[in-house]
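So the structure is just underneath, and the comments pick up after that.
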Protein chains: 2
Amino acid sequence: MSPTNISPSRGRPRRFDPDQAVETAQQLFHTYGYDAVSVADVTGALGINPPSFYAAFGNKAGLYLRVLDRYAKTGAIDLAGILRADRPVAQCLIAVLEEAARRYAANNGAVGCLVLEGTHSTDAGARSVCCATHAAAEDVIRRYIAERHPEEAGRLTDFVSATMSGMSDKARNGQDLDRLLATARLAGLAIDQALPAQALC
Amino acid sequence: MSPTNISPSRGRPRRFDPDQAVETAQQLFHTYGYDAVSVADVTGALGINPPSFYAAFGNKAGLYLRVLDRYAKTGAIDLAGILRADRPVAQCLIAVLEEAARRYAANNGAVGCLVLEGTHSTDAGARSVCCATHAAAEDVIRRYIAERHPEEAGRLTDFVSATMSGMSDKARNGQDLDRLLATARLAGLAIDQALPAQALC
DNA sequence: TCGCTTATGTAGGGCATACTACATAAATCT
DNA sequence: AGATTTATGTAGTATGCCCTACATAAGCGA
């Protein structure tokens, strides 16, 4: 039934912590991209041998799923928290863009958005899971806008998403926080104009 | 001195046309990306064997340079033609974005911007030449803006460039011309607001 | 202590990649 | 015609990749 540990400690104990391994792998994938990080890179960084890696994660794609899961909890933007029903839609969308700018700015070399970067991978599996993750995030934005501005939801979601992709790209090309924030705020001018100050709520 | 043909026809003639091979390779690279296209893919599409390929282009990177050269002449946006001194800066920048939307929309599967896509390559050589090409294009835009709006040149160039990156990304994820154009025009609202209608010229 | 279970280390398989050595074919120049 | 030049076709090299077979080590339960 359950393929993972049923009894917490039977057999020879692991010499490494899988959760910390996921953290290390996240740093590697985020910094260099899925394609550029080989299994040998990961095992080398962890100081383990390939069989230990495959016993713990199945394969490279399995590790990547764990990394994406961790990213959703620790590195990604909390859309549900920012897109508030008690504030103007435009203001919240701009807050998303500004938060993206902050997250995408350099963090120990792990720059840009891990998911958007994974969207460009050559590996079909990595690409599709990232595209699905990204599409889900877009849906959250789209539904949020649609509740109060149904006719604008489509194009505004496209615009916000494109701006985030662009910012992730620019972050990876070396733009610092200030420049990313400036782009977010310029995009905000368009959002403000497309969603003219409605009565609150 | 000149490593290429000095006398137009000596020795055994080629069984393929290098220029047409570059065109075929451009289609492949644009559709699938530099990393995903192997030399075997190219030689297979051309119906030639590896030695013919290497004799003509040196290596994969050499072919890519030829492709980028051809792209600059046939597929890229004619910035110099669109950024006119006799029209409002904002209007010309918006025209660039709209033209990008048109170019990035599906063309036989070759969607998005070849150069921006190459920016994401795993290969350091391909990546750096694409980054350099892209930086040159950004400089054209920046200098154009700076002539009439020096203080806005930096952030507006960043914004236009980020928007183009985002549109290229979205095009590769399946957005059609209408959605890309809508994003371009929303970005245009921001540009219009950042460059309030100056007197012409 | 003995079996059972789980993880490890060594070593390597299978595959795709970019690229090439070498003999041969097909053209021109003298 | 013979020499020279250039491209081709066959076959293969070297490298890096993901992943695994197998014997061994290290813990627990009886």
Side-chain angles (χ1 to χ4, degrees), chain A residues 1-22 25 28-29 32-67 118 121-127 129, chain B residues 1-22 25 28-29 32-67 118 121-127 129:
Chain A
M1 271 298 185
S2 159
T4 46
N5 292 350
I6 264 193
S7 107
S9 61
R10 280 281 298 265
R12 179 173 178 172
R14 279 219 172 82
R15 290 179 51 89
F16 71 102
D17 174 13
D19 287 330
Q20 192 164 343
V22 170
L28 286 173
F29 282 137
Y32 301 107
Y34 182 83
D35 295 339
V37 175
S38 69
V39 171
D41 290 331
V42 175
T43 57
L46 297 175
I48 64 177
N49 292 305
S52 299
F53 171 87
Y54 287 99
F57 302 110
N59 52 31
K60 188 182 176 184
L63 171 66
Y64 196 56
L65 289 179
R66 295 273 303 262
V67 166
S121 169
T122 294
D123 182 274
R127 209 172 49 232
V129 63
Chain B
M1 270 296 183
S2 158
T4 46
N5 293 347
I6 265 195
S7 103
S9 59
R10 279 282 296 267
R12 180 174 177 170
R14 279 219 174 84
R15 289 179 50 90
F16 71 101
D17 175 14
D19 288 330
Q20 191 164 344
V22 170
L28 286 174
F29 282 136
Y32 301 106
Y34 182 84
D35 295 339
V37 175
S38 69
V39 172
D41 290 331
V42 175
T43 57
L46 297 176
I48 64 177
N49 294 304
S52 299
F53 171 85
Y54 287 99
F57 301 110
N59 52 28
K60 189 181 175 183
L63 171 64
Y64 197 56
L65 288 180
R66 295 274 302 262
V67 165
S121 169
T122 293
D123 183 273
R127 209 172 49 235
V129 61

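Just so it is clear: chains get the letters A, B, ... in the order the sequence lines come, proteins before strands, and each one is counted from 1.
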Give the rounded distance in Å between these two atoms: [atom1] of [X] and [atom2] of [N].
X: B:Y64; N: C:dA18; atom1: OH; atom2: P; result: 14 Å
X: A:I48; N: C:dT10; atom1: CD1; atom2: P; result: 13 Å
X: B:F57; N: D:dA7; atom1: CZ; atom2: C1'; result: 13 Å
X: B:F53; N: C:dT17; atom1: CZ; atom2: P; result: 13 Å
X: B:R15; N: D:dT10; atom1: CZ; atom2: P; result: 11 Å

> Closest nucleotide of DNA chain C for B:P51 versus for A:P51: which of these residues is on the 5' side?
Replying inline: A:P51
>> Can you confirm whether B:Y32 is buried at OH, in the sense that more than 12 heavy atoms of other residues, nucleotides or ligands lie under 6.0 Å from that atom?
In response: no
Nucleotide N/O to protein N/O under 3.5 Å, stretch nucleotides 23-27 of chain D:
unit_1 : atom_1 : unit_2 : atom_2 : d
D:dA25 : N3     : A:R12  : NH1    : 3.2

>> Is B:S52 close enough to D:dT8 that one of its side-chain N or O atoms is under 4.0 Å from OP1 or OP2 there?
In response: yes
>> Check the phosphate of C:dA7 against A:R14, side-chain N and O only, distance under 4.0 Å to OP1 or OP2. Yes or no?
In response: yes
> Say you draw a straight line from CD1 of B:I48 to OG1 of B:T43; how long is it, rounded to the nearest 0.5 Å?
Replying inline: 6.5 Å
> What distance separates B:L46 CG from B:R15 CZ, expressed to the nearest 0.5 Å?
Replying inline: 12.5 Å
>> Tell me every residue that passes ring pair (Phe, Tyr, Trp, His ring centres under 6.0 Å) with A:Y54, counting only those two or more places apart in sequence or in another chain.
In response: none
> Do any N or O atoms from the side chain of B:D35 and from the backbone of B:T122 form a donor-acceptor pair under 3.5 angstrom?
Replying inline: yes
> Base, sugar-phosphate, or nothing: which does A:F16 touch, judged by heavy atoms less than 4.0 Å apart?
Replying inline: sugar-phosphate
> Which word best sums up how the rings of A:F29 and A:Y64 line up, parallel for under 30°, tilted for 30 to 60°, or perpendicular for over 60°?
Replying inline: perpendicular
Filtered N/O pairs between nucleotides 13-18 of chain D and protein, under 3.5 Å:
unit_1 : atom_1 : unit_2 : atom_2 : d
D:dC18 : OP1    : A:K60  : NZ     : 3.1
D:dC18 : OP2    : A:V39  : N      : 2.9

> Which atoms form the tightest heavy-atom contact between A:A21 and A:F57, and what is the distance?
Replying inline: CB-CZ, 4.0 Å
> Could A:D19 and A:R66 be called an ion pair, given the rule that one side-chain N must be under 4.0 Å from one carboxylate O?
Replying inline: yes
> So do B:K60 and B:Y34 actually touch side chain to side chain, heavy atoms under 4.5 Å?
Replying inline: yes
